[in-house]
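Residue numbers start at 1 and run along the sequence shown. Both counts, for ligands and for their atoms, begin at 1 and track the order of listing.
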Amino acid sequence: MGYLGGFLVTVRQHGKRNRVTTEYSGGRMFRRGKKESHDEKVEKPERLHGRHVLNRYEDGMEKCIGCELCAGVCPAKCIYVRGKDNDPANPTSPGERFGFVYEINYLRCIHCDMCVEACPTEAITETKLFEFSFTNRRDAIYTKSELLVDDAGKPQHLPWEDWRPGEDLHTSGWMRATSPSGDADFEGVVSWSGELGYGVRAAEADQAEADRR
Ligand code: SF4
Ligand code: SF4
């Protein structure tokens with residue numbers, strides 16, 4: 001079939017109203033039988049994996065120790081870390097080293113959370129923030145200064161990110177999928193450190209309780 005024949009098939013399909021696509025609604029127009037505004041966001045699952053943050057301890061020190069485990073485990077190879085020795089007189093982190101350079105390329109990240117699971121200090125976690133679009137490659141590569149939480153312990157709101165109230169909460173250690181030991185006996189037991197602006201978070205409800213809700 002030549003080019004013209006293919007074109008005629010398309011015209012005939014169009015005439016029969018056999019189109020398989022419908023008006024794009026962003027998946028939000030009809031949910032649970034209710035028409036929603038284009039500007040409303042649907043409720044997010046508790047463990048949604050959005051863009052990352054680099055966390056700090058309650059005293060303001062950075063949790064990242066520049067060990068590069070997150071970069072090593074990342075299947076998309078989208079993390080770049082370079083550690084540097086702390087200045088003993090004015091350390092950035094409690095460890096021997098800190099994350100001097102830290103970058104995540106969001107053109108490649110698949111939000112698998114492996115970096116979060118691998119991190120020994122809960123420095124890197126994923127937020128529920130995922131509505132962001134870039135117009136250039138530079139913006140897509142988040143740098144350490146963009147990923148590090150602010151002095152109130154909250155993610156930094158970058159100009160191209162669409163935030164709604166409350167979405168900057170719950171960005172820390174409790175987002176881990178497993179206990180550090182991988183043992184179910186630790187379910188419900190807090191086993192992570194406190195965070196700047198939040199302190200120590202409560203443990204999540206166990207799965208059985210979550211199912212009953
Ligand atoms: S979420 Fe997955 S793909 Fe994204 S930076 Fe972490 S390990 Fe890499
Ligand atoms: S974020 Fe965690 S795993 Fe990655 S370099 Fe820092 S301390 Fe290591």
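Taking every heavy atom of I79 and a limit of under 4.0 angstrom, the matching atoms of ligand 1 come to 5 (S). Shown in contact with I110 at under 4.0 Å from a heavy atom are these atoms of ligand 1, numbered in order with element: 3 (S), 4 (Fe). Near H111, the atoms of ligand 1 lying under 4.0 angstrom from a non-hydrogen atom of the residue are 1 (S), 4 (Fe). Near I124, the atoms of ligand 2 lying under 4.0 angstrom from a non-hydrogen atom of the residue are 1 (S). The ligand atoms of ligand 2 that sit less than 4.0 angstrom from a heavy atom of I65 are 6 (Fe), 7 (S). Atoms of ligand 2 found under 4.0 Å from any heavy atom of E68 (numbered from 1 in listed order, with element): 5 (S), 8 (Fe). Atoms of ligand 1 found under 4.0 Å from any heavy atom of C74, numbered from 1 in the order shown, are 3 (S), 5 (S), 7 (S), 8 (Fe). Ligand-side atoms of ligand 2 in range of C70: 1 (S), 3 (S), 4 (Fe), 5 (S), range being under 4.0 angstrom from any heavy atom. Annotation for ligand 2: atoms under 4.0 Å from non-hydrogen atoms of P120 are 3 (S). If you number the atoms of ligand 1 from 1 as listed, the ones under 4.0 Å from a heavy atom of P75 come out as 7 (S). For ligand 1, the atoms lying closer than 4.0 Å to a non-hydrogen atom of C109 are 1 (S), 3 (S), 4 (Fe), 5 (S).
Annotation for R164: atom CZ counts as buried by contact number, over 12 foreign heavy atoms lying within 6.0 Å. Within a 6.0 Å sphere centred on CD of E131, other residues, nucleotides and ligands contribute more than 12 heavy atoms.
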* Asked: Step by step, would you call E62 with K144 a salt bridge (Lys or Arg N to Asp or Glu O under 4.0 Å)?
  -> CA-CA 11 Å; E62 295 176 15; K144 178 184 167 182; 2.7 Å; yes
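For atom 8 (Fe) of ligand 2, the nearest non-hydrogen atom of the protein is C67 SG, 2.3 Å. The protein non-hydrogen atom at the shortest distance from atom 6 (Fe) of ligand 2 is C64 SG, 2.4 Å. Looking only at protein heavy atoms, the nearest one to atom 2 (Fe) of ligand 1 is C112 SG, 2.3 Å.
Counting only N and O atoms by type, the side chains of T127 and D168 include no donor and acceptor under 3.5 Å apart. Side-chain N/O atoms of D87 and N90 include no donor and acceptor closer than 3.5 Å.
Ring-centre distance between Y106 and F134: not below the 6.0 Å cut-off.
Follow the hydrophobic side-chain contacts under 4.5 Å out from I79 and you reach F132 in the same cluster. One hydrophobic cluster, built from ILVMFWY side chains closer than 4.5 Å, holds both I124 and Y142. In the hydrophobic clustering of ILVMFWY residues, with side-chain heavy atoms under 4.5 Å counting as a link, I110 and I141 come out apart. One hydrophobic cluster, built from ILVMFWY side chains closer than 4.5 Å, cannot hold both I65 and Y102; they sit in different ones.
For residue C119, no N/O/S atom approaches atom 4 (Fe) of ligand 2 to within less than 2.8 Å. For atom 2 (Fe) of ligand 1, the set of nearby N, O or S atoms under 2.8 Å includes none belonging to C115. Taking 2.8 Å as the threshold, C78 does not count as a candidate ligand of atom 8 (Fe) of ligand 1, since none of its N, O or S atoms lies below it.
At a heavy-atom distance under 4.0 Å, no atom of V116 approaches ligand 1. Residue contacts with ligand 1, taken as heavy atom pairs separated by less than 4.0 Å, involve H52 solely via side-chain atoms from C-beta onward. Within the 4.0 Å heavy-atom criterion, the part of T121 lying near ligand 2 is the side chain and not the backbone.
Nearest approach of G66 to V81, heavy atoms of both residues: CA-CG1, 4.2 Å.
With a 6.0 Å cutoff to the six-membered ring centre and a 45° limit on the axis angle, K63 counts as a cation-pi contact of Y57.
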